[in-house]
Amino acid sequence: MILQHEYRQRRQRLVQQLENNSVVIIPAAREVLRNGDAHYRFRQNSDFYYLTGFDEPDAVLLLAVDDHRRFQYILFSHENTQEQLIWHGQRAGQTQARQQFLADEAYPLHQLDEKLPEILADRSWVYLPLGRPHDLERRVEQTLDQLKSEQRSGIHAPDRFIDIQPLVHEMRLFKSDSEIDLMRQAAQLSAKAHIRAMQHVSRLNYEYEVEAELLYEFSRQGCRAPAYDSIVAGGANACILHYTRNQAPLNKGELLLIDAGGEYHYYAADISRTFPINGRFNAEQRAIYELVLEAQLAGLEQVKPGVPWHRVQQRIVEVITHGLIELGILAGPVEKSIADQAYRSVYMHNSGHWLGLDVHDAGDYKIGGQWRPLEAGMVLTVEPGIYISETADVDDKWRGIGVRIEDDVSVTEEGHEILSALAPKTVDDIQAVMQ
Ligand SMILES: [Mn+2]
């Protein structure tokens, strides 16, 4: 649970980085039509949510900063009408926007066009999300037109526009204790869903039945939606990296790769586990699995403050290349094989990504062209894999084996914490859970 006090601190910290005499404008997400007049499930824009904790569509956040970097938090949002109450239930409305969400000023949405010129007049800088097409851009432009036409009466229209996203994204990269708490809960409840899948797979016949077990376990624990479409990939389907069709029959004797995580209070978990559908690894499956696990543990070992982001991937590549040469899947020697990136035929992605409000979370990976060092408060995934397709140029016995092991890791002062540690990943632990 994140208290309103923390959202207010975030707004204060953001404003400290801005120019005096400026305005921040960030729109909430809108409802998106799915088909006909039915909408997709609403999901608030992550930047907007990060600064407000406000989860209604169409709202607009404004921070009006004066010459002394004092600011007013102004929130435009839906008002509570009788019609609204009957069809959709209670909205926060303007009273709650002030009392619960700590807005200094709150107005109904229909007053935006009227108020925007007042708020923008005589400001120098406007910070808003650029490169993300939104109705609001047009309204800001119209407001500027209007202000310029009033220049003769002494009004100055802002003339410097800056993308607000990099500033917010850099803040989002560093998680507070309360954010880590939510992410730990998201990872734990998602780990339980993976355990459930392992325990129920023996009586299931199709990938989508396994997906149903995951969704059941997410929902049952108060996690209303997955953080992304679940991947439930039997056998060679695991070699399709973004496989979400999840409709194939499950074949005993094959592996099942699940990449699934819940979204809990807006925070994502992202966990991958791979296990044998019949509960026992055969020799080839086990050899590949143990190699991916060794690579993942080697990658995890690197996660601590001061280690450059790319070092995790380098360690994974070293372990995978070494192991694949030992198994006779790649040709040696190791150094040449790494230099030639031979591993890319079976390990074609990176070690992971930032994790937070978005599953592929905000934040730069490089600063000034250099891979940035890990710092306490960052949360990332470590997710090596090996994917040997059915047409791969290797001994037949390896074909159709796809394995990924992915954990969610927070960087701590001392090293790291594996938030998703509850999900079993050694061969023995997996086989024990599946018995
Ligand atoms: Mn991931």
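Atoms within each ligand, like the ligands themselves, are counted from 1 in listed order. What you see is a predicted model, and the numbers here were worked out from it, not measured in a lab.
Contacts of His88 classified as ring pair (Phe, Tyr, Trp, His ring centres under 6.0 Å), with partners at least two apart in sequence or in another chain: none.
Between the Mn ion (ligand 1) and the N, O or S atoms of Asp270, the shortest distance is to OD2.
Tyr7 and Gln9 share no side-chain donor-acceptor pair at under 3.5 Å.
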For Glu263 and Arg224, run salt bridge (Lys or Arg N to Asp or Glu O under 4.0 Å): C-alpha distance rounded to whole Å, both residues' side-chain angles, the deciding distance at 0.1 Å, then the answer. CA-CA 7 Å; Glu263 184 178 283; Arg224 298 293 312 286; over 6 Å; no
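For the Mn ion (ligand 1), the N/O/S atoms of His353 include one lying under 2.8 Å.
A salt bridge is absent between Arg11 and Asp104; no separation between the charged side-chain nitrogens and carboxylate oxygens falls under 4.0 Å.
In this structure, OE2 of Glu406 and OE2 of Glu383 enclose an angle of 80° at the Mn ion (ligand 1), rounded to 10°.
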